[in-house]
Amino acid sequence: MDHKILQPVHQSFFNQPTLQLAEELLGSFLVHETPNGLLVGKIVETEAYLGADDRAAHSFNNRRTKRTEIMFHEAGFAYVYTMHTHHLFNIVTGRANQPEAVLIRGIEPMIGEDVMLENRPVSKRANLTSGPGKLTKAMGIDKSYYGNRLWEKPLYIAVGERPQEIMIGNRIGIPNAKEAVAYPYRFWISNNPFVSR
DNA sequence: ATGTCGATCGTCT
DNA sequence: GACGATCGACATT
């Protein structure tokens, strides 16, 4: 992989409908320039959370708290929150006061896999970044990145290649979200081993 | 391959 | 005080 193609997207990249962006992000790169080296993963699985009308979203009913505050900003900021002992990484989408986001659920290691393995030692390669809590650990993303601009270094999105085949289905881990359980807001690259399931 | 269960802690009520 | 947008271990089929 050629490092030179890794340029942060323009901020306007994030200004598209959330469902469209969740799909568009598949095949794009998540890039983190760390003191230990360049870490790059291809995004292979995402989920959209549509804010006020989506019972599964933290911002359902426009619930605005210290945690969800960043979701009410314009698109392109990082929303990182703690789930049990894990950090989950989201990209804020939608316009200001339209609290939507895309959760990154799986990435395929492209550059810096050795450092990722130091961050998160595993025996099976496919277990390194195949889940939202796994990939943040491997990529060195924690809550200190809350609110970071994802069109600037050191943590950013870079354009990649369009995937061959995309699958769409229900989101994972939201059994109590009533009608929202059935919403087809999950996107993944067909047959990629770094999809969480 | 699938299911259940416990860890563990910040956030919100 | 209750509750997870999870993970890993262990059990069972």
Side-chain angles (χ1 to χ4, degrees), chain A residues 14 18-19 21-23 25-26 30 41 43-73 75-94 98-109 116-148 150 155 157 167-197:
Chain A
F14 301 104
T18 300
L19 289 171
L21 185 61
E23 185 169 335
L25 282 165
L26 296 178
L30 176 61
I43 296 172
V44 301
E45 181 183 0
T46 63
E47 280 179 359
Y49 286 86
L50 296 195
D53 300 320
D54 178 1
R55 201 175 288 275
H58 295 151
S59 53
F60 177 61
N61 272 344
N62 284 316
R63 195 155 73 113
R64 190 165 187 159
T65 67
K66 179 182 172 187
R67 181 176 66 152
T68 64
E69 177 62 30
I70 198 67
M71 293 184 74
F72 289 79
H73 285 55
F77 291 92
Y79 171 39
V80 183
Y81 75 96
T82 309
M83 175 56 173
H84 294 265
T85 56
H86 308 283
H87 301 295
L88 273 64
F89 172 74
N90 298 252
I91 300 170
V92 172
T93 59
Q98 185 185 348
E100 305 185 346
V102 175
L103 170 68
I104 307 301
R105 289 194 55 92
I107 63 170
E108 176 178 343
M116 294 187 201
L117 274 166
E118 290 172 15
N119 292 341
R120 176 179 155 77
V122 293
S123 49
K124 303 130 292 178
R125 179 169 188 260
N127 193 31
L128 180 55
T129 51
S130 54
K134 300 175 186 177
L135 70 91
T136 52
K137 183 78 172 177
M139 289 287 288
I141 299 172
D142 61 26
K143 269 186 60 185
S144 69
Y145 290 84
Y146 181 99
N148 270 38
L150 296 173
L155 180 65
I157 301 298
M167 307 288 280
I168 304 177
N170 298 342
R171 293 172 293 185
I172 291 173
I174 52 164
N176 300 321
K178 301 187 177 177
E179 77 280 353
V181 168
Y183 294 172
Y185 291 174
R186 174 171 173 248
F187 305 85
W188 69 95
I189 296 179
S190 184
N191 293 320
N192 188 287
F194 294 93
V195 171
S196 64
R197 66 174 78 159

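Throughout, a chain's letter reflects where its sequence line sits, starting with A, and its residues are numbered from 1.
- Side chain of A/Thr68 to backbone of A/Ser59: no donor-acceptor contact under 3.5 angstrom is found.
- Less than 4.0 Å separates DNA chain C from at least one heavy atom of each of the following residues of residues 50-69 of chain A: A/Ala56, A/His58.
- Helical stems of DNA chain C (runs of at least 3 Watson-Crick or G-U pairs, donor-acceptor distances under 3.5 Å) are listed by first residue: B:1-7 with C:6-12, B:9-12 with C:1-4.
- Along DNA chain B, the stretch of nucleotides lying under 4.0 Å from any heavy atom of chain A spans, 5' to 3', B/dA7 to B/dT13.
- Sorted by first and then second residue, the salt bridge (charged side-chain N to carboxylate O under 4.0 Å, His left out) pairs involving residues 125-139 of chain A (not counting sequence neighbours) are A/Glu113-A/Arg125.
- Legend: residues meeting side-chain contact (heavy atoms from CB on, under 4.5 Å) with A/Val122, ordered by chain and number and at least two apart, are A/Leu117, A/Arg120, A/Asn127, A/Leu128.
- Nucleotides of DNA chain C with any atom under 4.0 Å from a heavy atom of chain A span, from 5' to 3', C/dG4 to C/dG8.
- For the pair A/Glu69 and A/Arg64, the minimum side-chain heavy-atom distance is below 4.5 Å.
- Between A/Thr85 and A/Lys143, the residue anchored nearer the 5' end of DNA chain B, judged by the nucleotide with its closest heavy atom, is A/Thr85.
- Qualifying side-chain contact (heavy atoms from CB on, under 4.5 Å) partners for A/Asn61, counting only residues two or more places apart in sequence or in other chains: none.
- Interatomic distance, CD1 of A/Ile91 versus CD1 of A/Ile157, reported as 4.0 Å (0.5 Å rounding).
- Between A/Tyr79 and A/His58, the closest side-chain pair of non-hydrogen atoms falls below 4.5 Å.
- Position along DNA chain C of the nearest nucleotide to A/Thr82 versus A/Pro132 favours A/Thr82 as the more 5'-ward residue.
- Closest heavy-atom contact between A/Ala48 and A/Leu19: CB-CD2, 3.7 Å.
- A/Asn62 and A/Ala52 get closest at one heavy-atom pair: OD1-CB, 3.6 Å.
- In this structure, A/Tyr185 and A/Ile174 have side chains that are not in contact, with every pair of non-hydrogen atoms separated by 4.5 Å or more.
- In this structure, A/Arg171 reaches neither bases nor backbone, as no heavy-atom distance under 4.0 Å exists between it and the strands shown.
- For A/Thr46 (side chain) and A/Ala22 (main-chain N/O), a donor-acceptor pair under 3.5 Å exists by modelled atom type.
- Partners of A/Phe60 according to the side-chain contact (heavy atoms from CB on, under 4.5 Å) rule, which considers only residues two or more places apart in sequence or in another chain, are A/Arg55.
- Here A/Phe77 pairs with A/His73, A/Trp151 under the ring-ring contact (aromatic ring centres under 6.0 Å, His included) rule; sequence neighbours left out.
- In this structure, A/Asn90 reaches the bases: a heavy-atom distance under 4.0 Å links it to at least one base atom across the strands shown.
- For the atom pair A/Arg186 CZ and A/Arg197 CZ, the distance stands at 7.0 Å (nearest 0.5 Å).
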Chi angles and distances behind the side-chain contact (heavy atoms from CB on, under 4.5 Å) call for A/His87, A/Ile141: CA-CA 8 Å; A/His87 301 295; A/Ile141 299 172; 5.9 Å; no
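- Using a 4.0 Å cut-off on heavy atoms, the residues of residues 122-131 of chain A that approach DNA chain C are A/Asn127, A/Gly131, listed by number.
- Rounding to the nearest 0.5 Å gives a distance of 8.0 Å between OH of A/Tyr49 and CG of A/Asn90.
- Closest of all the heavy-atom pairs between A/Arg67 and A/Tyr81 is NH1-CD1, 3.8 Å.
- For A/Tyr145, the ring-ring contact (aromatic ring centres under 6.0 Å, His included) test picks out A/His32, with sequence neighbours left out.
- If you check every strand for non-hydrogen atoms under 4.0 Å, A/Leu103 touches a base.
- Taken residue by residue, residues 182-197 of chain A places no heavy atom nearer than 4.0 Å to DNA chain C.
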